Amino acid sequence: MIYYVSANASRCGRGTKEAPFRTISQAAAAALPGDEISVAPGIYRESVSPVRGGTDDAHRITYRSEVPLGAVITGAEPVKNWTLYEGNVWMARIPNGIFGSYNPYTTVIQGDWYHSVTPAHTGEVYLNGKSLYEAGSLTEVLHPSIYQSSWDPDFTTHRWYTEQDGDVTVIYANFQGACPNEENVEINVRRNCFYPDQTGIGYITLSGFTVRQAATTWAPPTAYQEGMVGPHWSRGWIIEDCDISHSKCSGISLGKYLQPKNENKWTTRLYKDGTQTERDAICQAQREGWTKENIGSHIVRRCNIHDCGQTGIVGHLGGVFSVIEDNHIHHINNKQNLAGAEIGGIKMHAAIDVTIRRNHFHHCTRGLWLDWQAQGTRVTGNLFHDNVPPAGTRIADDLALGEDIFIEVSHGPTLIDHNLLLSDCAARISTQGIAFVHNLIAGSFTWVGDGTDNGGRRLPTPRYTPYHVPHRTEVAGFMTILHGDARFYNNIFVQKKIRPDLTDFAEKTGHSSLHGFQFVCGTKPYDGYPTAAQYFSRFTPESAVDHEGKDIYYDHLPVYTGGNVYFNGASPCDSEEHFQVDTEHPVTLSLTEDGGAYRLKTDLYRYIPDFETPFVSTEMLGEAFEPEQKFEAPDGTPILFDRDYFGEKRGICPLPGPFARKGETFDNLA
């Protein structure tokens, strides 16, 4: 059955085409498995909480915007009762009754791994769709200064401040000369836009909507992870062809449900470290039904996800076995007013058998962050660029430098293939069990061999993280990170000009080294790591029982290499095998955009050497050391790397890098 919704309908609609419902929530209350809800263009100021889901893929409940992006679900309300307070500052009084049980202007963002010093509320003020900057006092609104850590510093003098006056929320805002009663000024009112109140509401499709402006709160892995949109701990959602923006914290959540015994336990009870409470959360989830049959297997595709404060997509545990493809993820955390960990275009813990392909990540405080349990995760065919702060921006306190990909304390196998990694820092690799295959890499690898403990000053504080039964959620074991177990095959490394402001930041923080922030492109940070032959030759019947020699079980794991090419001073590690370095020809890389289409122009293929390169496959890559799992597809079938970035067939002697053919321009990258 098809139910119809129109924002212009009469209040007595019955959901028919002739007499549609007025709200999406009315249709959600009526829909049964197999039904479709068709929503006419219009603005729907409501928080939709589906009360039922489908039963399987053939009997899902589909919510569809009749006109692509024409139906707008928003968590904001317009405000037109502004009075001039002083200078450019206006004041509005908002009755608290409009907020119900959740007032975004009394709810302060907090939680595990949230480090901002200045209090921030989940509320927001928007001028013509653009969010203003919250101030800590009325004085800061009256006399604003430019916030140098913002990626858009000129707009930072647009400030707002809130306080309570009895049953009224008072908001002061500096609109810098604009008259708010004549412009489109809105405030966050609702916590979510399309999000079930209950868990287990599965097999829902959300297709073609514009979703924006929700008062979401911080989403760490050890707490209930909410988003403006999300399945809330269920199975089989499809979120497609949507424009998702301006969530205070996270746009889409594929993440964790409420665990009352383990809710922000680190910052509320204090006595257990966050790493331990995260291990507790994983084990608790297993006891409470976290299995492949019950949770995950979502699809997020062809969405434009942007201008969110914490993440575009967040998830811990609930995103397993999902596919995230063909999305445009950009301008995340650019205000830099929220600080801490858990920030990025995508931030996922436990991305078990998650495929992230053909997405476009740019202008994010970190593009993709895979934290813990990136087991069976494949990142393929993505375009990454500009995922470090712009030149001249002051890196905010408690925020990292940023990079295209961060893989942290996982045992793998994590497969990174056929990507363009063009930011100044390509990957932060505080992990093991990885394979980089057929990528074009213009940035550096940072934190190799470091960043995996909890920062103890007197005592060792290693982080023991889980690995799982292959292609399942059941925990197989826990182990600390030994580093290495890394594979680099058929990549092209091109050294970019190193920005002085980035090296200055690295030196000021005391992390300027091959094992911290460094900007030399290539595998050079793996100097000193053994080859496979060197590593495994040490294990003999004698050494296995030599109690004085147990260090061999805690030494760095081997590095495997072959077919890599280095330009412009990019540098291989000292154990690199079967590689080529071009020291004669300076090469150029230029990424340009025209009308949303991206083109790469380069002359490197004029000089790429002809030499024997391996044909990479699952069998060649072997097993990730700790989980003893191959670099294979989620269904356990082998991967043959015979298709390039564009899906073009490779020859039997493959060209290094992401493209099967040589060229000087590569169009339609995103």
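Here the structure is a predicted model, which is why all the values come from computation and not from measurement. Values below: every heavy atom of this structure, side chains too, minus hydrogens, waters and symmetry copies.
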Aromatic rings F21 and Y3: how do their planes relate, parallel, tilted or perpendicular, breaks at 30° and 60°?
parallel

Quick check: closest heavy atoms across S131 and K335, and the distance to 0.1 Å?
OG-NZ, 3.1 Å

For F209 and Y44, run ring-ring contact (aromatic ring centres under 6.0 Å, His included): C-alpha distance rounded to whole Å, both residues' side-chain angles, the deciding distance at 0.1 Å, then the answer.
CA-CA 11 Å; F209 288 83; Y44 298 85; 7.8 Å; no

Is the Y195 ring parallel, tilted or perpendicular to the H232 ring (thresholds 30°, 60°)?
parallel

Can you tell whether the side chains of R45 and E186 come within less than 4.0 Å, N to carboxylate O?
yes

For the residue pair N264 / Q110, report whether a side-chain donor-acceptor contact shorter than 3.5 Å exists.
no

When the ring planes of H349 and W372 are compared, do they come out parallel, tilted or perpendicular, using 30° and 60° as the limits?
tilted

By the definition ring-ring contact (aromatic ring centres under 6.0 Å, His included), identify the one residue from H246, H360, H362 that meets it with H331.
H362

Strictly below 4.0 Å, N to O, side chains only: are K265 and E278 in salt-bridge contact?
no

For residues T311 and S250, is any side-chain donor paired with an opposing acceptor at under 3.5 Å?
yes

Nearest 0.5 Å, what's the CD-NZ distance between E124 and K130?
12.5 Å

Considering only NZ, NE, NH1 and NH2 on the basic side and carboxylate oxygens on the acidic side, decide whether D241 and R302 come within less than 4.0 Å.
yes

Pair W113 + W218: ring centers closer than 6.0 Å:
no

Where does the angle between the aromatic ring planes of H330 and H306 fall among parallel (under 30°), tilted (30 to 60°) and perpendicular (over 60°)?
parallel

Ion pair check, E77 and R190, cut-off under 4.0 Å
yes

CG/D167: more than 12 non-hydrogen atoms of other groups inside 6.0 Å
no

Are I356 and L370 close enough that some pair of their side-chain heavy atoms sits under 4.5 Å apart?
yes

If only atom types and distance count, is the side chain of E263 paired as donor or acceptor with the main-chain N or O of Y224 below 3.5 Å?
yes

Any donor-acceptor pair under 3.5 Å from N419 side chain to N382 backbone:
yes

Flag the pair D326 and R301 as a salt bridge only when some basic side-chain nitrogen lies within less than 4.0 angstrom of an acidic carboxylate oxygen.
no

D307 and S245: side chain donor to acceptor below 3.5 Å:
no

